[in-house]
Engineer: 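Have a look at this one before I ask anything.
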Protein chains: 2
Amino acid sequence: MPASERPPAPERIPAAERREQILAAASRVFGEHGYAGATTDQVAQAAGISQPYVVRMFGSKENLFLEVLQRALHRLLDAFRVTLADGADEDAATLGQRLGEAYADLITDRGILLSLMQAFLLGNDPAIGAAARSGMLEVYRLLREEAGLSAESTVDFLAHGMLFNTLVAMRMPDDLERGDAAATELLQCSFRSKLDLVLGAMSRGAE
Amino acid sequence: MPASERPPAPERIPAAERREQILAAASRVFGEHGYAGATTDQVAQAAGISQPYVVRMFGSKENLFLEVLQRALHRLLDAFRVTLADGADEDAATLGQRLGEAYADLITDRGILLSLMQAFLLGNDPAIGAAARSGMLEVYRLLREEAGLSAESTVDFLAHGMLFNTLVAMRMPDDLERGDAAATELLQCSFRSKLDLVLGAMSRGAE
DNA sequence: GATTGAGGTAATCGGATGATTACAAGGGGA
DNA sequence: TCCCCTTGTAATCATCCGATTACCTCAATC
């Protein structure tokens, strides 16, 4: 039989590397559609593999989401810690601004902040809700104890982060092109210097 | 045949009234589980009727969610307008605080703020995303034009509203009973005077 | 060259779920 | 009385989706 009749052999990749590919793909898919709205087949297609492989590697869809959540939290905490190490002994105001920039930088991988946000809305799910609460508190403690922000500053910081996530999740920047005055003002005042970064990341993400 | 063998006739209620019952039930169910995670059967059971009746009255699950979203937006805008009418000619600070209280009061019906928040995360859905963006801008315009807040104050207000929604959605107040120091501080600083209101509403909602 | 374990898929199953259909019962008007 | 509109349900359908099973195929090792 001629070789052309046989389908090309699938690319074989070490499990650890494949795992990270799947997690990255799952972050995007879960971030866009939410936990319940996303399917393991969408994740598989985004990662370029078959659906059963996704399920087998992570055991279950819920488990996959939990690992996506842990990965997102880890990236977020890492980004903050790098920022803290970079500029020690700053005053609270500049530190807050630089943390905000580090946070906004995470948007270059849209999946991270969006799947985090999706997890936050799943408080009713026993496993996911517990992990989400624990993660939020971990972030809070980092800002309070390691960064040394006051309770008020920390809450302010978190609040603007949640608005940031929400505006990105609802694809509000898409309205910018429609020239809506309120949308323009809201986005400019929310994102400030990070507006260009966000716009770039979102138009790239649309493909 | 004895009457006891026949099932009791279902209660007949005017369509308009039944409609509101379903919308109220759907708000709670969608708020807890999200759009994709909720089922029309859960809504039906919460409203005390059969699943086909839910679908037939609203045409489709998506349509039901869109009406839940409009209802939530309407309640929110109404609450703000009542607050504005109540205390005209206040300074910006007190007005902002009173609007915040009006917002927090909506938590007595948990479904409103949570289904709103769920809609915000569905920016990728064509119909729901468009309605969510339009709703957010309507709120923004009310705060800017009717309430007369500055752009900065409005964004601050929205940011703390999003944090409020997020903490409620993730059931963070449940952690209060575990005595976690970070959770206590975060909640006290986020909710302030509204903490008792929120705790009351959430323990009542748990049933 | 045989063996074996790791990386991967095709086929399929079973349950869940949104939607449709057909039907029932009550009640008000002609 | 008869009709028919409104309010409602039971039964069922078609589809989707997560999970399982069985199998394939390299590459390294002996």
Side-chain angles (χ1 to χ4, degrees), chain A residues 1-26 29-30 32-68 118 122 124-125 127-128, chain B residues 1-23 25-26 29-30 32-68 118 122 125 127-128:
Chain A
M1 126 180 28
S4 63
E5 283 187 6
R6 219 189 312 168
E11 216 180 337
R12 288 170 70 95
I13 288 179
E17 192 177 333
R18 192 62 98 179
R19 196 181 175 81
E20 171 56 25
Q21 283 182 3
I22 300 179
L23 283 174
V29 174
F30 281 133
E32 275 186 17
H33 302 100
Y35 172 63
T39 74
T40 54
D41 193 60
Q42 287 174 315
V43 173
Q45 279 185 257
I49 57 173
S50 69
Q51 179 261 348
Y53 197 19
V54 172
V55 173
R56 203 185 51 182
M57 179 161 285
F58 291 91
S60 70
K61 181 186 176 183
E62 180 178 59
N63 225 301
L64 171 59
F65 186 80
L66 285 172
E67 296 220 25
V68 164
Q118 296 283 357
L122 289 176
N124 288 278
D125 182 286
I128 299 177
Chain B
M1 137 183 15
S4 61
E5 282 186 9
R6 218 190 312 167
E11 216 180 335
R12 287 171 70 94
I13 289 180
E17 192 178 333
R18 190 64 97 180
R19 197 181 175 80
E20 171 56 25
Q21 283 182 3
I22 300 179
L23 283 173
V29 174
F30 281 133
E32 275 185 19
H33 303 100
Y35 172 62
T39 73
T40 54
D41 194 59
Q42 287 174 316
V43 173
Q45 278 184 258
I49 57 173
S50 69
Q51 180 261 348
Y53 196 18
V54 172
V55 174
R56 202 184 54 183
M57 180 161 282
F58 291 91
S60 69
K61 182 187 176 183
E62 181 177 57
N63 225 302
L64 171 58
F65 186 80
L66 285 171
E67 295 220 26
V68 164
Q118 297 284 356
L122 288 175
D125 182 286
I128 298 177

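Quick caveat, the model's predicted, so the values are computed rather than measured. Computation of the quantities below employed the complete heavy-atom set of this structure, encompassing side-chain atoms and omitting hydrogens, waters and symmetry-equivalent molecules. All chains are named by letter (A, B, ...) in the order of the sequence lines, taking the proteins before the strands, and each is independently numbered beginning at 1.
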Engineer: Measure across B:E67 and B:R19 and return the closest heavy-atom pair with its distance rounded to 0.1 Å.
Structural biologist: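 Looks like OE2-NH2, 2.7 Å.
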Engineer: Please tell me if B:T40 has a side-chain N or O lying less than 4.0 Å from either OP1 or OP2 of C:dG18.
Structural biologist: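 For C:dG18, OP1/OP2 do have a side-chain N/O of B:T40 under 4.0 Å.
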Engineer: Mind calculating the distance between NE2 (B:H33) and P (C:dT17) to the nearest angstrom?
Structural biologist: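 Atom NE2 in B:H33 sits about 11 Å away from atom P in C:dT17.
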Engineer: Nearest-Å distance, CG (B:L64) to C1' (C:dT17)?
Structural biologist: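 After rounding, the reported distance stands at 15 Å.
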Engineer: What contact category does B:S50 fall into here, base, sugar-phosphate, or nothing, at under 4.0 angstrom with non-hydrogen atoms?
Structural biologist: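 The residue B:S50 makes base contact.
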Engineer: Whole angstrom is fine here: how far is it from CD1 in A:I22 over to P in C:dG7?
Structural biologist: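 Answer to the nearest Å: 11 Å.
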Engineer: With respect to the phosphate group of C:dT9, does any side-chain polar atom (N or O) of A:Y53 fall under 4.0 Å of OP1 or OP2?
Structural biologist: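 Checking C:dT9 against A:Y53, no side-chain N or O comes under 4.0 Å of OP1 or OP2.
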Engineer: Output the rounded distance in Å from CZ (A:R19) to P (C:dG8).
Structural biologist: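 It works out to 13 Å between those atoms.
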Engineer: Which nucleotide sits closest to the side chain of B:R56: D:dG18, C:dA22, C:dG8?
Structural biologist: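 Nearest to the side-chain atoms of B:R56, counting from C-beta on, is C:dA22.
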Engineer: With a distance cut-off below 6.0 Å to the six-membered ring centre and an angular limit of 45° from the axis, does A:K61 pair with A:F30 as a cation-pi contact?
Structural biologist: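 No, a cation-pi geometry is absent between A:K61 and A:F30.
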Engineer: Taking all heavy atoms of A:A25 and all of A:A46, pick out the closest pair and write down the distance.
Structural biologist: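 Result for this residue pair: CB-CB, 3.8 Å.
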Engineer: Can you measure B:Q51 atom CD to D:dC13 atom P for me and round it to whole angstrom units?
Structural biologist: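 To the nearest whole Å, that distance equals 15 Å.
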Engineer: With heavy atoms under 4.0 Å as the rule, sort A:A38 into base, sugar-phosphate or nothing.
Structural biologist: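 The answer is sugar-phosphate, as A:A38 gets under 4.0 Å only of primed atoms, P, OP1 or OP2.
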Engineer: Starting at CD1 of A:I49 and ending at P of C:dA10, how long is that distance when rounded to a whole Å?
Structural biologist: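 Between P of C:dA10 and CD1 of A:I49: 12 Å.
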Engineer: Among the candidates D:dG8, C:dA19, D:dA19, find the nucleotide nearest to the side-chain atoms of B:I13.
Structural biologist: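 The answer is D:dG8, which lies nearest to the side chain.
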Engineer: Please work out if B:A36 contacts a base, only the sugar-phosphate, or nothing of the nucleic acid, heavy-atom cut-off 4.0 Å.
Structural biologist: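 Result for B:A36 = nothing.
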Engineer: Select one nucleotide: of C:dG8, D:dA11, D:dG18, the one nearest the side-chain heavy atoms of B:P52.
Structural biologist: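 From the listed options, D:dA11 comes nearest.
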Engineer: Rounding to a whole Å, what distance do you find between A:Q21:CD and C:dG7:P?
Structural biologist: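 Value for this atom pair: 13 Å.
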Engineer: Please give me the minimum heavy-atom distance between A:A127 and A:E62, naming the atom from each residue.
Structural biologist: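 Nearest pair, atom of A:A127 first, then A:E62: CB-OE2, 4.0 Å.
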Engineer: Among C:dA19, D:dG8, D:dT6, find the nucleotide with the atom closest to the side chain of B:R12.
Structural biologist: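 Among C:dA19, D:dG8, D:dT6, the one nearest the side chain of B:R12 is D:dT6.
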Engineer: If we only count heavy atoms from C-beta on, is the B:L64 to B:L23 side-chain gap below 4.5 Å?
Structural biologist: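 B:L64 vs B:L23: side chains touch.
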Engineer: To the nearest Å, how far apart are A:M57 CE and D:dG18 P?
Structural biologist: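 Answer to the nearest Å: 18 Å.
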Engineer: Where the side chain of A:K61 is concerned, which of D:dG18, C:dT20, C:dG7 is the nearest nucleotide?
Structural biologist: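 Nearest to the side chain of A:K61 among the choices is D:dG18.
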